[in-house]
Number of protein chains: 2
Amino acid sequence: MRQTKNRVQELEGILREGGVRVTRQRAAILKILAEAEDHPDASELHRRAKEIDATVSLSTVYRTLSALEQQGVVQRHAFENATARFETADAPHHDHLIDIETGAVIEFRSDKIEQLQAEIAAELGYELVRHRLELYCRKRKD
Amino acid sequence: MRQTKNRVQELEGILREGGVRVTRQRAAILKILAEAEDHPDASELHRRAKEIDATVSLSTVYRTLSALEQQGVVQRHAFENATARFETADAPHHDHLIDIETGAVIEFRSDKIEQLQAEIAAELGYELVRHRLELYCRKRKD
DNA sequence: TAGCTAGTTGCGAATGGTTCTCATTTGCAT
DNA sequence: ATGCAAATGAGAACCATTCGCAACTAGCTA
Ligand SMILES: [Mn+2]
Ligand SMILES: [Mn+2]
Ligand SMILES: [Zn+2]
Ligand SMILES: [Zn+2]
């Protein structure tokens, strides 16, 4: 995939500019993150990254994810009683719907809700910095 | 507080009907929960409960909270990197705004957002079972 | 290209909130 | 009062994530 390659180089650039070194291990993790279409957790990312570079340790996966999160390149999600899951922050903001039976994660975005949230915060004398909206659902039958 | 006493007895009734025994320790925890105006975590509840009954252990606090949660009497919240916090489920549904500087938790409710959530789930072919909406904010200056 | 050095790594130990185990106690129906 | 399943306290176990440290290395410098 051509896009993935570009994205990885872009990510590497962001890291280097932030004074973060691009190691063999990090390159592998970035590639895995860039081509992920889902919301993998640390150990799943570890499993995938090892196929590119078998020396990647789980510690490094965690450390790299934290670094990337701090650079604003990766987002961490803590869904209901589950381990943290990650995704690159390149797509525009969205929230998640979780299928409570299969665990599937579906993305959605509602500009109305986004706006209402800001209004609510403002009414209470606050400035909205970030938020978390998760819909836990069951597939509708019939 | 007269209301608190009634509420406690009501809670005890709910437990007994659910086949859950009302022990000395649970009575203490129920009282603490009923009079709590905030969103305490397990160890804070433990601290408070010990003032009523010094024998209450942290294990029992956790066990009782789980039992109460299963009875639908207590709600557990897992705010951003923090320990679980609890509140009685007697008040009508609401969501939370968290002051990221002080940690203060403010309750709010938006019927519009509630409705939009259900609509989004429906559009995606799902039935909304429960959700989590948290606004992480900073107090507006000036 | 070789050297330097601060950032990074793998490993294993530590952390910390929460749950579990188990011997002992206790609520409460009869 | 009695009997027994449910609940308790203490501490061990759990487990995702973070730390500590000695060895390694990315990437700048000469
Ligand atoms: Mn997503
Ligand atoms: Mn609340
Ligand atoms: Zn959103
Ligand atoms: Zn709500």
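Throughout, a chain's letter reflects where its sequence line sits, starting with A, and its residues are numbered from 1.
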*Report the residues that fulfil side chain to side chain contact (heavy atoms under 4.5 Å, CB included) with Ile106(A), sequence neighbours left out, ordered by chain and then residue number.*
Leu97(A), Leu124(B), Tyr126(B)

_Main chain of Ala122(A), side chain of Arg140(B): is a donor-acceptor contact present, judged purely on distance under 3.5 Å?_
yes

*Closest approach of Leu45(A) to Pro40(A) (non-hydrogen atoms, all atoms of both residues)*: CD2-CG, 3.6 Å

_Of all pairs that satisfy salt bridge (charged side-chain N to carboxylate O under 4.0 Å, His left out), the ones with a partner from residues 87-100 of chain B, not counting sequence neighbours_ = Arg7(B)-Asp90(B)

*Indicate yes or no: does Glu80(B) engage Arg130(A) in a salt bridge with an N to O separation below 4.0 Å.*
yes

_Treating primed atoms plus P, OP1 and OP2 as sugar-phosphate and everything else as base, which nucleotides of nucleotides 24-30 of chain C get B, S or - for protein heavy atoms under 4.0 Å?_
--BBS--

*asked:* Does dG17(C) have OP1 or OP2 under 4.0 Å away from a side-chain N or O of Ser43(B)?
replied: no

*asked:* What range of DNA chain D does chain B touch, first nucleotide to last, counting atoms under 4.0 Å from its heavy atoms?
replied: dA5(D) to dG11(D)

*Any donor and acceptor pair, going by atom type alone, linking the side chain of His46(A) with main-chain N or O of Val56(A) inside 3.5 Å?*
yes

*Do the rings of Phe79(B) and His77(B) sit parallel, tilted or perpendicular, given the 30° and 60° boundaries?*
parallel

*Residue whose closest nucleotide on DNA chain C lies nearer the 5' end, Asp53(A) versus Ala82(B)*: Asp53(A)

*Would Arg63(A) and Ser66(A) count as having a side-chain donor-acceptor pair, cut-off 3.5 Å?*
no

_pair Glu114(B)-Arg109(B): side-chain heavy atoms closer than 4.5 Å_ = yes

*How large an angle, rounded to 10°, do the end axes of the helix from dT1(C)-dA30(D) to dT30(C)-dA1(D) enclose when each is built from five base pairs?*
30°

_If you compare all heavy atoms of Ile29(B) against all heavy atoms of Val61(B), which two are closest, and at what distance to 0.1 Å?_
CD1-CA, 3.8 Å

*Can you tell me if Arg26(A) uses its side chain to pair, donor with acceptor, with the backbone of Arg21(A) under 3.5 Å?*
yes

*asked:* Within the structure provided, determine whether Leu68(B) and Leu30(B) are in side-chain contact (heavy-atom separation under 4.5 Å).
replied: yes

*Answer with base, sugar-phosphate or nothing: what part of the nucleic acid does Thr83(B) contact at a heavy-atom distance below 4.0 Å?*
sugar-phosphate

*Check Gln117(B) against Leu128(B) and note the closest heavy-atom contact, atom names and distance.*
CB-CD2, 3.8 Å

_Heavy atoms within less than 4.0 Å of DNA chain D: which residues of residues 58-71 of chain A have one? Give them sorted by number._
Ser59(A), Tyr62(A), Arg63(A)

